[in-house]
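Scroll down for the structure; my scribbles are underneath it.
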Amino acid sequence: MTTKLAASLREAPATVPALVALALFIVWATDQAGYPLTHWAPGALFVLALLGIALGVVRLRIADVPTPVKLALGCLAAYTVLSFLSILWAAVPGDAWEGANRTLLYLLVFALFALWPQRGRGAALLVVAWALAMICLAAFVALHVDAAAHSTARLESLLPEGRLTYPAGYANANAAQWLMAFWPALLLARERSLHWSVRGLLAGGAVLLAEVALLSVSRGSLYATPVVLVLVFALLPGRARTFALLVPVAAGIGAATPSVLRVGERIEHGHNATGAVHAATTTTFLTALAVGLVVALDAAIESRLTLSEPSARRVHRGIAAVAIATLLVVLVGGWVAAGNPVARIRHGWDTFKSEKGYAANGPGNRLTSGLGSTRYDFYRVALNEFMAHPLVGIGADNFAEPYLEHRRSEQTPHYPHSVELRTLSQSGLVGALLALGGLAAALVATARGLRGSDPLGRAVVAAALAGFGYWMVHGSFDWFWEFAGLGAPAFALLGLACALSPRGRGTPHPRRIGRLGIGVGVLVALMAAASLTAPWLSQLEVESAARVWTKAPQTAYSRLNDAARLNPLSDEAYSLAGSIALRFGDLTRADREFALALERTPGDAYATLERGAIASSKNDRSRALELLGQAARLDPGDPLTRQVLRLTKEGKRVSIEELNRSILRNAQQLE
């Protein structure tokens, strides 16, 4: 085994930095899925360093890089540049800078995994190592939940409203990070060239991943999974082997599902869930173990059994016949269980469009009660913003302000909850074409990899594509682009699939990169590092100030001033300083800080409201009416702003203390 591993690393030395990057992704998966800026920004610097080391140490012949991979890299690089340029026209330039930096991270990850050629063994090492690490993490989460079951408060903190949010912090992202690993684990478990023990671990782990994902009760995962399943059977080779493996895995998942769903139902209805959690944990591990043993045994027998070509064809035809029969049974059973499909679709659409949001759903299990949420309103605003700014969009991560202005719900989302609508609304047709061009080029490269001569390489391409495909499908109706712990592994999988595309021989004497080229590359790397570092250090100062302001307000102000200097585009430091000043009753300083925030982000409804309330409390009625009227235009759906404006029009003074208590209560209700 050691000899094979060493040989794999000699064949593809870029596997080493890629493995290190995967370790970073696992670290992100353990805490909020890499969402906070203070998590992913230093991680992006780390990936940049890995890419630089790889470029300096591992030989790269640009002539050997397949044209589709070059095109994919070029399109993603152009999309990244467009994201940075959008700072110039974004209403909230600080958010646009953060969004551009996150896009830069994905470019760096894709380049690290796609540029250097891979062989089947090295690529399999990467995907298997990542999948097994995610399986181990899922096992830890299941045991952690089980240990917390003895305390109702601890259990509800992990599963608020009966949905597991730990460790991602967001139930849908939590489900997605397990299911992104589920598909590579499932498809590699069918690969004959892998050791039987590894295949068993992957198959049993797939059951475990699916059940831990189910604890999050994510409707998005429920609808994304069958779409990905159809794509796997429609587009990827090895359908018979996929079906043969899917039978025991699906059986194991089905056996444990009732006990797993019972956990959320008991917590949601306020019942003691200790017994349900223990039962679900036990059932999950037992079914995962049973499936793993069955697949391992079958793999061990298969490794020692050689069928003649006619026998293999007969087995293949038999499995295909069983698969078709199973499909018919599933369709008929689904029809009977779901009832009239037309009525179900109509009900789903009606609940999805309803302005009642989640209240539009029917009684019963969250997964099947309807599609009611506020996403329809998010998508409506995003499409309207695209129609209003069709060429280059409104700027990266600049959805929050236009949604406040045009919303029909009480929600205050920062993102449009869709990768496609994010691209259209924030980067326009130019960005959408670049993104589509890059994705199409990458898929062309992966299609070549699926036709490669190495069976293990083909299997890894299929597994990587399935993992990326799940992120893409589920991310079509959720805000997964903003979770680096989801987006970075997705682009790594896509890049790895591209790296398995057959390479040309290149030129016998490739041209060396001259000093000018090296100088430009170093300059670009330094600019990228500076772009990632400044907002990260600024956010650290903001978080530090938020921790100490109650005991050391002057220290907090000083740190917030440093944060504002480090990030000259963001208004966050000034807004926080204004809020702190209000808590200490320093209205003059608060007004000054909010004014500085508005210089950077003129459309900030919160800062405008606070300045209007301060003016009202100082009996400056004309100034208060001007500011509060502007705040009402920026966020016409906010009842609190309308109430403050009404009181001011009636000649009454606004109580700053009561206003901020109301803002805090509203924020807590929306969490």
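Computed over heavy atoms, backbone and side chain alike; hydrogens, waters and symmetry mates excluded.
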Can you list, pair by pair, the side-chain donor-acceptor contacts under 3.5 Å of residues 28-41, counting residues two or more places apart and other chains?
unit_1	atom_1	unit_2	atom_2	d
W28	NE1	H39	O	3.3
T30	OG1	V27	O	2.5
Y35	OH	Y415	OH	3.3

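- Between L186 atom CG and L246 atom CG the span is 6.0 Å, to the nearest 0.5 Å.
- Between E268 and R163 there is no salt bridge, since no side-chain N of the basic residue sits under 4.0 Å from a carboxylate O of the acidic one.
- Below 30°, between 30° and 60°, or above 60°: for W479 and F483 the angle between ring planes is between 30° and 60°, a tilted geometry.
- In this structure, the separation between OG1 on T80 and CG on L105 is 10.0 Å, given to the nearest 0.5 Å.
- Checking side-chain atoms of S86 against main-chain N and O of A396 turns up a donor-acceptor pair under 3.5 Å.
- Between F399 and H414, a ring centre-to-centre spacing not shorter than 6.0 Å is recorded.
- For the side chain to side chain contact (heavy atoms under 4.5 Å, CB included) criterion with L159, the lone passing option out of V145, T165, V217 is V145.
- The heavy-atom pair separating L404 from A605 by the smallest distance is CD1-CB, 4.5 Å.
- Note: H269 and H271 have parallel aromatic rings, judged against thresholds of 30 and 60 degrees for the angle between ring planes.
- Using bins of under 30°, 30° to 60° and over 60° for the plane-to-plane angle, the ring pair Y106/W481 lands in the perpendicular bin.
- Across all their heavy atoms, T287 and A255 have their closest contact at CG2-CB, 4.0 Å.
- Under the 3.5 Å distance criterion, the side-chain polar atoms of S570 are left unmatched by any main-chain donor or acceptor of G94.
- Note that the CG atom of N172 and the CD atom of Q177 stand 12.0 Å from one another [nearest 0.5 Å].
- Nearest heavy atom pair, residue E420 against residue S476, reads OE2-OG, 2.7 Å.
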If you look only at distance, which donor and acceptor atoms sit under 3.5 Å apart when one is on a side chain in residues 376-384 and the other is two or more places apart or in another chain?
unit_1	atom_1	unit_2	atom_2	d
D377	OD1	R380	NE	2.9
D377	OD1	R380	NH2	2.7
D377	OD2	Y403	OH	2.6
D377	OD2	R408	N	2.8
Y379	OH	H417	O	3.0
R380	NH2	H406	O	2.8
N384	ND2	R380	O	3.3

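- The main-chain N or O of V92 is found under 3.5 Å from a side-chain atom of N398 such that the two form a donor-acceptor pair.
- Annotation: the span from L143 atom CG to T284 atom OG1 amounts to 10.5 Å, rounded to 0.5 Å.
- The two residues A72 and G438 make their nearest non-hydrogen contact at CB-O, 3.5 Å.
- A distance of 10.5 Å separates OH of Y223 from OG of S218, quoted to the nearest 0.5 Å.
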Which side-chain N or O atoms in residues 276-283 pair as donor and acceptor under 3.5 Å with protein atoms at least two apart or in another chain?
unit_1	atom_1	unit_2	atom_2	d
H278	ND1	D146	OD1	2.4
T281	OG1	V277	O	2.9
T282	OG1	H278	O	2.8
T283	OG1	A279	O	2.7

- Go through F25 and L22 one step at a time and tell me if the side chain to side chain contact (heavy atoms under 4.5 Å, CB included) criterion holds. CA-CA 5 Å; F25 304 159; L22 289 176; 3.7 Å; yes

- Query: Going through the checks in order, is the ring-ring contact (aromatic ring centres under 6.0 Å, His included) test met by F84 and W97?
  - Reply: CA-CA 6 Å; F84 278 105; W97 191 5; 8.0 Å; no

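- Within the 4.5 Å cutoff, no side-chain heavy atoms of W549 are placed close to those of L576.
- Summarising the geometry, atom OG belonging to S579 is positioned 6.0 Å from atom CD belonging to E610; distances are rounded to the nearest 0.5 Å.
- Closest of all the heavy-atom pairs between W183 and G467 is CB-N, 4.2 Å.
- In this structure, a donor-acceptor pair under 3.5 Å is absent between the side chains of Y606 and D604.
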- Task: Starting from the C-alpha separation in whole Å, work towards a yes-or-no answer on side chain to side chain contact (heavy atoms under 4.5 Å, CB included) for E401 and L634.
- Result: CA-CA 8 Å; E401 282 199 357; L634 292 171; 5.7 Å; no

